[in-house]
Amino acid sequence: MVEIDLGEKMKENLFKSVEKTSKIFKNRDIITPHYTPEKLPFREKQIKEIITTLSVALKGSKPNNLFLYGKTGTGKTATTKLVLSDLKEFAKKEKKPVMAIYMNCRNYNSKYKVLAKIVQKFYPDKDFIGYSGSFIYEKMTDFCEKNKIQTIVGLDEIDKVKDVDELVYALTRANDELKKGGISIIGISNQLTFKDRLDPRTKSSLCGKELVFPPYNAKELTEILRERVEKAFQKDAVMESAINLAAAFAARESGDARTAVMLLLRAGELAEKKGMEKVTDQEVKDAKKSVEQEITMEMINTLPSQQKLVLYAISILTAQKKGVKKLGKSEEKGVLFSGEVFDEYKKIALSIKENPVSARWFRQYLDELEMYGLIFSTPSGKGVRGNTRLIKLGLEAATIKRILENDLGLDISLTVH
DNA sequence: CCTCCACAGGAAGCGCAGGAGT
DNA sequence: ACTCCTGCGCTTCCTGTGGAGG
């Protein structure tokens, strides 16, 4: 009895620390990229434009198609979702025959899947999976015609649809055929090249009206962050300068609101872990570092295994200080010839019973590694015999070595040293 | 100046997996 | 369920290039 009592007193529930309210966060969800804010600063122009285009649907006529273009994190998705949900709400209240459907084409990546999704929205309690494409098409047009419905379909990441031309053609044809209803498209893409891949006819019907979402500048990002911080964090939990810094980082990188938000979220988590009551500049800086490291780790981890070995060979040679080269008079550190890297790579590959790739493909790997910014290379120039590349590691050798050894398992570090 | 070195990088082709068409 | 086709990763072969060395 006594023993049990003691034990229970000493034992703390594992979830206790989670349960207690945070000193930093008030509502963590609001500072995640997933969250759709109900106010979108600096997008008034775009919102107004979309509304004027769509509002004719409330009067029973067919709106023009819209095409929204802009880089990631510029508010395309948030704007579309917001406008469509408001349109839905308004139409419901006013009893107007208007439907708004939003879907991400990463999940609905073919003409068939998109049409099936639309029809499924029309008949929520029925299941049309397995029916032929033409049957679905008929169902769709029938529903619009009979109920005199104006349908707006928001197709996010429309570039992911394999047969876009057919999809757009089918939807515009449906729209033309309908006498009493209509189907309009809002296409969303972040690829500049997407438009050029389209059939000219598709292009003219889809991109008739085009809206550009420019990247945010630092001032705008600050404003956006401030608004979110107010709702997501406790009062005065984030220093003003920390917000500015996060905005400045994100603006310099891409003008992407998503990364700005992610940065603050991470900074908040760091502050919380340290038991602090305030998020300062330092946490934002650390957050940036940790995000960057995560990105490089992610990048390295998704490399083909042979390419990992190439990178590993470079990091080993660099760590062994074999990279001190005399180039004419001057001496440079951490520089390797592509030939010696290839030899080392072959050695490593053979030692773990992997077939090394050919020299030609090895060079291709080097090109890719350079594109990712993991290595730098320059033509040899004078001081070096022959025509070769001088290779330098983009990051610290020890970091990359550690990540790779972790990733590839210990078998390498045992056989090679 | 020519030759050789140590590569760079284009072109063609090969085997394979996975998607489209039937 | 079947073949057919296409794209991809890779090899093989080849020509080009820039400096070192004789």
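Computation of the quantities below employed the complete heavy-atom set of this structure, encompassing side-chain atoms and omitting hydrogens, waters and symmetry-equivalent molecules. Residue numbers start from 1 in every chain, and the chains themselves are labelled A, B, ... in the order their sequence lines are given, proteins ahead of strands.
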So with a 6.0 Å cut-off around NZ of K121(A), is the heavy-atom count from everything else above 12?
-> no
In whole Å, what is the span from the CD atom of Q306(A) to the C1' atom of dC10(C)?
-> 11 Å
NZ/NE/NH1/NH2 to OD/OE distance under 4.0 Å, E283(A) and K278(A) | no
What is the distance, rounded to the nearest whole Å, between atom NZ of K346(A) and atom C1' of dC7(B)?
-> 14 Å
Tell me: CD1 of I391(A) to C1' of dA8(B), nearest whole Å?
-> 12 Å
Looking at N65(A), I101(A), V83(A), L84(A), which one forms a side-chain contact (heavy atoms from CB on, under 4.5 Å) with I186(A)?
-> L84(A)
Should the pair F122(A) and F143(A) be assigned to parallel (<30°), tilted (30 to 60°) or perpendicular (>60°) ring geometry?
-> parallel
Report yes or no: is there a donor-acceptor pair, N or O only, under 3.5 Å between the side chain of R360(A) and the base of dG10(B)?
-> yes
Side chain to side chain contact (heavy atoms under 4.5 Å, CB included) against L350(A), all qualifying residues, sequence neighbours excluded = P356(A)
For F337(A) and dC5(B), give me the distance from atom CZ to atom P, rounded to whole Å.
-> 16 Å
Measure the distance from CG on L336(A) to P on dA6(B) and round it to the nearest whole Å.
-> 17 Å
For F362(A), answer base if it contacts any base atom (sugar-phosphate contacts may also be present), sugar-phosphate if it contacts only those atoms, and nothing otherwise; contact means non-hydrogen atoms under 4.0 Å.
-> nothing
Per atom distances to the V357(A) side chain, the nearest of dC7(B), dG9(B), dT11(C) is dT11(C)
What is the distance from CD of Q364(A) to C1' of dT11(C), rounded to the nearest Å?
-> 13 Å
Provide, to the nearest angstrom, the distance between the OH atom belonging to Y365(A) and the P atom belonging to dC7(B).
-> 20 Å
With L245(A), the side-chain contact (heavy atoms from CB on, under 4.5 Å) member among Q282(A), K288(A), K285(A) | K285(A)
What pairs with E223(A) under side chain to side chain contact (heavy atoms under 4.5 Å, CB included), at least two apart in sequence or on another chain?
-> F42(A), R226(A), E227(A)
Rounded to the Å, how far apart are L390(A) CG and dA6(B) C1'?
-> 12 Å
Take nucleotides 15-22 of chain C nucleotide by nucleotide from the 5' end and write B, S or -, depending on whether a protein heavy atom sits under 4.0 Å from the base, only from the sugar-phosphate, or from neither.
-> -BBBSS--
Quick one: label S338(A) by what it contacts on the DNA or RNA (base, sugar-phosphate, nothing), any heavy atom closer than 4.0 Å.
-> sugar-phosphate
Nucleotide of dT12(C), dC7(B), dG9(C) approaching S358(A) most closely (side-chain heavy atoms) = dT12(C)
